[in-house]
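So you know, we letter chains A, B, ... as the sequences are listed, proteins then strands, and number each from 1. Since the structure is predicted, the reported quantities are computational estimates derived from the model, not experimental observations.
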Amino acid sequence: MLDRRFILENIELVENNCRDRGVVVDVRKLADLEHQRRSLQTEAEEANRQANAASKAIGKAANEPERELRKEEGRQLRAKKDGLHAEVEALEAQIRKIQSRVPNLSHPNAPVGADDAANLELKQGKTPVPSFNFDPKDHVELGDALDLFDFDAGGKVAGHGFYYLKNEAVLLELALQQFVMRMLIERNFTPIITPDLARTEILQGVGFIPRGPETQIYSIADSDLNLIATAEITLGGMYSDTILEREQLPIRMCGLSHCYRTEAGAAGRASRGLYRVHQFTKVEMFAFTHPEDSEKTLGEFCDIECEIFDTLGIPFRVVDTATGDLGGPAYRKFDLEAWMPGRGEAGAFGEVTSTSNCTDYQARRLGIRFKNRGEKGTHFVHTLNGTAIAISRALIAILENYQQSDGSVRVPDALQNYVGHEVIKPRP
RNA sequence: GGAUGGGUGGCCGAGUGGACGAAGGCGGCAGUCUUGAAAACUGCUGUACGGGUGACCGUACCGGGGGUUCGAAUCCCUCCCCAUCCGCCA
């Protein structure tokens with residue numbers, strides 16, 4: 001959520017930003033309604049002030065007739081206030097509805113464009129794109145041959161988009177969790193395992209919209225709970241409605257959770273195998289920072305993601321996400337796209353991580369502030385999130401890049417200790 | 001699932017329908033004392049919105065919503081949340 005006063009004072013800037021982001025919001029109308037609301041609010045406050053004064057006068061009234069006169073006066077003033085107040089509330093609801101759709105501002109260097117076609121490649125990882133002297137398989141074929149997944153059983157038990165991991169795929173998932181967690185602990189992240197469910201209010205604070213027709217979120221019937229789509233939700237919610245001391249910042253956490261996504265409207269998109277699934281495991285980085293530190297922290301998150309994929313020996317590129325592809329809360333977003341030899345005609349990059357600086361957009365809705373010692377007032381913190389590892393997509397990248405001509409898959413050096421062997425071979 | 005007890009300021013915690021934006025404590029800030037620090041003592045110290053260049057002023061806020069009343073933290077209704085105990089269970 002953007003600050004309302006800021007919107008009023010920067011109507012044109014906000015309008016232009018909405019246009020760049022491809023979001024249709026009537027900012028002028030919001031401003032009109034807010035001006036109306038303010039003047040009505042002032043009237044209502046004045047009526048209320050008079051009513052309060054009348055009430056106080058009752059105690060001092062000299063006699064019974066005067067007391068009754070004052071009471072009647074009070075009644076009328078309250079009625080006037082109630083009427084005005086109701087109008088204010090109605091306007092407030094309209095304004096909030098519009099305001100909640102206004103996206104965050106965009107970093108001046110973020111590429112302007114309607115969709116991911118406008119994303120800007122910033123750099124590539126250390127590992128070169130492999131060239132095979134055989135016809136590489138995609139991860140579904142590899143998984144079939146090596147008995148790593150069961151999509152049929154997943155479909156039968158839970159429906160399309162669910163799957164079982166088996167054998168070395170299980171060890172790889174656990175290995176990736178360990179590998180990433182340890183790396184992040186060394187970089188001063190507090191490791192956390194979060195709930196996989198969260199209240200609607202928290203989802204909304206973080207910027208997700210549960211229970212709409214286009215929602216990405218599974219919700220639990222007869223309750224206020226939803227399956228989380230990312231630990232960003234539960235990590236962000238951890239400090240909701242909190243006033244922190246300046247010295248407590250930054251708070252850096254890495255959270256392990258399952259992630260559940262309905263993928264509504266995604267049917268037909270490139271989504272073979274593990275690429276677009278309803279459930280996966282993810283380790284998410286999250287930080288609450290001082291506003292001055294968020295830009296630097298975003299760079300750091302991106303560097304960590306690069307280091308993870310470099311260490312895993314997976315080729316990737318980093319893209320600066322275009323304004324139209326940013327999503328509501330993000331001010332700037334970098335994605336890592338890993339090379340997936342089995343994707344598309346002859347291999348393609350596919351998104352594996354994403355890191356965003358949400359500035360104060362989430363903090364405002366979640367009510368997360370800090371104060372400086374000896375200074376009046378509070379300020380909103382900045383929030384950042386970044387994927388350390390999304391297991392399902394990492395598995396695709398590992399299997400497809402590390403496959404060998406005999407159909408086996410080498411285990412990345414960094415994971416061998418955790419997995420327990422160097423090569424995944426077909427079972428005899 | 002059953003039974004209780006709770007939700008009040010940055011935190012803890014009191015609060016008879018008007019004196020309450022709210023005692024007291026902690027924490028924080030400033031000062032006195034001290035070579036310095038600690039301790040002790042004194043004063044100040046909530047948030048949001050609106051108005052004024054400003055010292056300030058106004059309004060709202062005691063879990064959410066509704067009601068009673070001239071007036072509600074306080075009384076009534078309703079919803080939500082939290083804690084503890086019992087039962088069940090990995």
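- Checked against A/R38 for a side-chain hydrogen bond (donor to acceptor under 3.5 Å, both in side chains), the options A/Q36, A/Q41, A/E34 give a single hit: A/E34.
- The residue A/N52 sits close only to the backbone: its heavy atoms come under 4.0 Å of sugar-phosphate atoms, none of a base.
- Ring planes of A/H290 and A/F370: tilted class, angle from 30 to 60°.
- Distance, A/Q248 CD to B/rC11 P: 12 Å, rounded to whole Å.
- Distance CD (A/E245) to C1' (B/rG27): 8 Å, rounded to an integer number of Å.
- The CZ atom of A/R252 lies 4.0 Å from the CZ atom of A/F189; values are rounded to the nearest 0.5 Å.
- Nucleotides B/rG67 and B/rC62 are separated by 15 Å at their P atoms, to the nearest Å.
- If you take CG of A/L197 and P of B/rC81, they are 14 Å apart, rounded to a whole angstrom.
- Annotated stems with RNA chain B as a participant read B:1-7 with B:80-86, B:10-12 with B:24-26, B:27-32 with B:40-45, B:46-51 with B:56-61, B:63-67 with B:75-79, given as range with range, by first number; only runs of 3 or more Watson-Crick or G-U pairs under 3.5 Å qualify.
- For A/I243, taking side-chain heavy atoms from C-beta onward, the closest of the listed nucleotides B/rG10, B/rA60, B/rG58 is B/rG10.
- If you measure from atom CD of A/E247 to atom C1' of B/rG27, you get 13 Å, rounded to the nearest angstrom.
- Relative to the ring axis of A/F380, A/R364 places its NZ or CZ within 45° and under 6.0 Å from the centre.
- We find that CD of A/E72 is positioned 11 Å from P of B/rG71, with the value rounded to whole Å.
- Comparing A/D241 and A/D224, the nucleotide of RNA chain B nearest to each residue sits closer to the 5' end for A/D241.
- Contact annotation for A/R199: backbone-only contact, meaning every heavy-atom pair under 4.0 Å involves sugar-phosphate atoms and none involves a base.
- Heavy-atom neighbours of A/I185 CD1 from other residues, nucleotides or ligands within 6.0 Å: above the threshold of 12.
- The same atom, P, is picked in B/rC49 and in B/rC44; the two are 26 Å apart, to the nearest Å.
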N/O-N/O pairs, protein side and nucleotides 48-54 of chain B side, under 3.5 Å:
unit_1	atom_1	unit_2	atom_2	d
B/rA48	OP1	A/T378	OG1	3.3
B/rG50	OP1	A/R38	NH2	2.8

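- Mapped onto RNA chain B by nearest heavy atom, A/G74 and A/K371 fall at different nucleotides, with A/K371 at the one closer to the 5' end.
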Using a cutoff of under 3.5 Å, can you pull out all pairs of nitrogen or oxygen atoms linking the protein to nucleotides 61-69 of chain B, with atom names and distances?
none

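- In this structure, A/R393 satisfies the cation-pi test against A/Y275, with its NZ or CZ atom closer than 6.0 Å to the six-membered ring centre and inside 45 degrees of the ring normal.
- Regarding A/I202, its CD1 atom lies at a distance of 18 Å from the P atom of B/rC80, rounded to whole Å.
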